[in-house]
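Structure first, commentary second.
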Amino acid sequence: MKKHDNLITYAVVIAAYAVFQILAATGNLSSHMKGLLVPMTYYAVIAVALNLCVGILGELSIGHCGFMCIGAFTSAFFSKLTEESLPGPLRFFLAFVIGIAFAALFGFLIGIPVLRLKGDYLAIVTLAFGEIIKNVINAFYIGVDSKGFHFSLKNSMELGMEKEGNLIVNGAMGITGTPHDSNFTVAIVVLLISLFVVLNLVKSRDGRAIMAVRDNNIAAEATGINVTRYKMMAFVISAAIAGAAGVLFSHNITTLTASSQYFGFNASIMILVYVVLGGIGNIRGSVIAACVLYLLPELLRGLNTYRMLIYSIVLIVMMIVNWSPKVIEWRKRVTSSLRRA
Amino acid sequence: MALLEVNNLCISFGGLRAVDDFNITIEKGELYGLIGPNGAGKTTVFNLLTGVYKPNEGIIRLDGEDITRKSTIEINHAGVARTFQNIRLFKNMPVIDNVKVGLNERFKYSTLEGILHLGKYRKVEKEIDDEAMRLLKVFDLDSERDTLAANLPYGKQRKLEIARAMATNPKLLLLDEPAAGMNPNETKELMETIALVRSKFDMTILLIEHDMKLVSGICEKLTVLNFGRVLCQGETKEVLANPEVITAYLGG
Ligand SMILES: Nc1ncnc2c1ncn2[C@@H]1O[C@H](COP(=O)(O)OP(=O)(O)OP(=O)(O)O)[C@@H](O)[C@H]1O
Ligand SMILES: [Mg+2]
């Protein structure tokens with residue numbers, strides 16, 4: 001029965017993809033809706049990443065958008081740089097490699113101090129790192145010309161570039177004109193791969209070790225589990241997946257800025273809300289919660305006055321469905337009777 | 001050669017000499033009891049033996065190998081497994097996974113194979129599953145394999161902790177008050193379990209216990225701790241008849 005759990009998750013994602021594609025092909029999807037599909041999917045991806053950190057590893061991170069930010073900027077930088085010299089699909093693939101690798105690297109570097117902390121302290125420090133990443137990127141000016149790269153923390157004039165030089169990162173104005181490589185299909189593939197990685201990890205010896213560390217790190221050590229190593233492993237994989245979400249993000253918009261709206265504390269909290277309401281440790285729940293909670297406020301734009309009211313009611317209902325012991329018991333009864341039928 | 005040899009072990013917390021000049025020699029296959037009043041330093045001895053605390057002085061040898069300054073993880077890999085006075089299970093994991101965590105370092109495949117479910121994954125996971133089931137059967141927990149550890153009744157939680165420790169294939173098993181909080185029936189069952197572990201795995205066991213019936217029933221030798229110091233040491237019968245022990249601990 002547990003074996004099929006993962007297959008159900010993949011099937012749900014693919015079915016949702018098919019439904020949206022059919023709606024789009026038959027002209028039943030407004031262009032506004034179409035524009036929401038890629039963001040919806042990368043929020044699902046980063047919710048999966050955060051659930052690995054919060055639910056499986058048991059460490060509350062509220063700076064995960066920082067890793068998304070790293071993935072977004074490093075990959076957009078690469079894509080802008082190679083826009084003319086590389087064919088689109090190869091360039092986009094390499095952009096993923098770079099965005100994921102840098103996010104993983106930062107996950108590792110930030111993990112060294114952060115994973116020594118526990119609980120609230122860890123949460124606060126991840127939050128701080130998330131803000132630092134955003135603010136540092138806002139101060140970067142990077143350009144390239146025939147002499148090579150130019151770098152400044154002051155302004156674009158300081159770069160001293162040749163006239164025909166290419167200003168890639170323009171401080172708080174960010175990166176403009178990243179090639180529009182993201183689309184719904186690629187986003188869904190990235191989501192499926194993220195799910196595959198996390199769900200398979202959970203069912204491997206490393207996954208069990210990670211959950212053992214979560215449940216009792218003293219007992220885990222006494223059982224011979226290298227607590228530091230497994231914490232780091234989970235944190236880095238989580239950051240890497242958040243980086244992949246960032247790549248989708250930056251290749252879906254024209255102007256990429258390290259703004260609070262997308263990469264700040266509020267955005268990280270919003271993703272934490274997806275994870276908590278989808279069920280901590282419940283990976284499939286994160287995907288569903290991210291999609292529903294992302295689309296809902298957008299779909300309710302017409303009902304402006306009641307929008308936030310309905311949104312909060314949905315939050316409460318989801319909380320009850322996923323957290324009330326009685327309802328969980330009822331859900332189990334229903335699913336097991338469905339299985340028998 | 002003795003399996004465990006401890007000489008002159010000392011540790012202070014601030015001004016408190018929690019363990020002072022502690023010595024013990026345990027031979028292979030022995031069931032050895034460590035007793036003493038509350039706060040005598042018994043659990044601290046376990047924490048020293050497993051590298052949770054580093055001693056101020058003294059030396060610990062396991063099978064001739066000096067393990068005094070090693071980390072908890074290294075000491076476990078060297079062959080010491082333990083249970084805890086206040087049960088420490090992986091509560092949100094199923095019973096069988098608790099045991100599988102204990103097998104983690106013995107049955108290996110790479111992280112990549114684990115993520116892709118390829119290569120040695122299937123074969124080794126099958127071995128892990130078989131071995132975990134074998135252990136659960138020994139401890140009569142096989143019918144609970146998918147129960148969350150937190151939902152097990154108390155007696156079975158204690159058993160599962162022993163099963164998890166045994167999964168690491170130790171040379172020496174340390175049990176910290178395994179009968180604490182058990183009713184007489186559960187205690188009797190626990191004594192059978194310990195006897196079984198000894199006969200089936202040829203295990204050497206050091207056991208902390210307050211339940212004197214259990215101690216006198218199964219331990220061959222005893223060390224009595226009092227205020228961090230060894231009060232008396234030797235064959236169980238002789239130790240329990242020692243007048244000093246009776247006044248200090250047995251309250252006679
Ligand atoms: N980490 C620590 N820091 C300070 N004091 C400690 C620490 N660990 C133990 N102690 C002290 O050392 C003494 C011995 O404690 P220990 O837990 O070893 O006793 P015990 O013999 O296991 O008692 P019990 O039968 O109640 O379990 C106690 O006075 C305790 O308060
Ligand atoms: Mg104790």
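Reminder, nothing fancy here: chain letters follow the sequence lines and each chain counts from 1.
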Please flag which part of A/Val227 lies under 4.5 Å from any non-hydrogen atom of chain B: side chain, backbone, both or neither. backbone
Quick one: CZ on A/Phe196 to CG on B/Leu116, what's the gap to the nearest 0.5 Å? 5.5 Å
Does a sphere of radius 6.0 Å around CZ in B/Arg122 hold more than 12 heavy atoms from other residues, nucleotides or ligands, not counting ones at 6.0 Å or beyond? no
Using a 3.5 Å distance criterion without hydrogens, assess whether the side chain of B/Asn76 forms a donor-acceptor pair with backbone atoms of A/Ala222. yes
Do B/Thr168 and A/Thr223 touch side chain to side chain, with heavy atoms closer than 4.5 Å? yes
CZ of A/Phe108: more than 12 outside heavy atoms within 6.0 angstrom? no
Heavy atoms from other residues, nucleotides or ligands near CG of B/Asp140 exceed 12 (cutoff 6.0 Å): no
Quick one: which of B/Lys108, B/His117, B/Glu113, B/Arg82 has the most heavy-atom pairs under 4.5 Å with chain A, could you say? B/His117
Near B/Phe46 CZ, under 6.0 Å, is it more than 12 heavy atoms from other residues, nucleotides or ligands? yes
Taking every non-hydrogen atom, the tightest pair across B/Asn104 and A/Tyr230: ND2-OH, 3.3 Å
Part of B/Tyr121 lying under 4.5 Å from any heavy atom of chain A: side chain
Is it the case that atom CG in A/Asp120 sees more than 12 heavy atoms from other parts of the structure closer than 6.0 Å? no
So A/Ile218 and B/Phe84, do their side chains get closer than 4.5 Å, heavy atoms only? yes
Not counting sequence neighbours, which residues clear side-chain contact (heavy atoms from CB on, under 4.5 Å) with A/Thr74? List them please. A/Ile70, A/Ile98, A/Phe102
Can you see which heavy atom on A/Asp206 is nearest to which on B/Thr111, and at what distance? OD2-OG1, 2.9 Å
Just verifying a value: how many Å separate A/Arg208 CZ and B/Asn98 CG, rounded to the nearest 0.5 Å? 11.0 Å
Looking at every non-hydrogen atom in both residues, tell me the closest pair between B/Phe90 and A/Ala219 and how far apart they are. CE2-CB, 3.9 Å
Any B/Lys100 side-chain heavy atom under 4.5 Å of A/Arg205 side chain: no
Report, as yes or no, whether the 6.0 Å neighbourhood of atom CZ on A/Arg116 holds more than 12 heavy atoms from other residues, nucleotides or ligands. no
In Å, rounded to the nearest 0.5 Å, how long is the span from CD1 of B/Ile115 to CG of A/Leu201? 5.0 Å
Honestly, the part of B/His77 sitting under 4.5 Å from a heavy atom of chain A is side chain
Which residues in residues 123-139 of chain B have any heavy atom lying under 4.5 Å from a heavy atom of chain A? B/Glu125, B/Ile128
Which heavy atom in A/Asn216 sits nearest to a heavy atom in B/Leu89, and how many Å separate them? CB-O, 3.9 Å
Does A/Phe93 have more than 12 heavy atoms from other residues, nucleotides or ligands lying within 6.0 Å of its CZ? no
Do B/Lys91 and A/Arg214 have side chains that get closer than 4.5 Å, going by heavy atoms? no
Minimum heavy-atom separation for B/Ile73 and A/Asn226, please, with both atom names. CD1-CA, 3.6 Å
In this structure, CG of A/Asp215 is separated from CZ of B/Arg88 (nearest 0.5 Å) by 12.0 Å
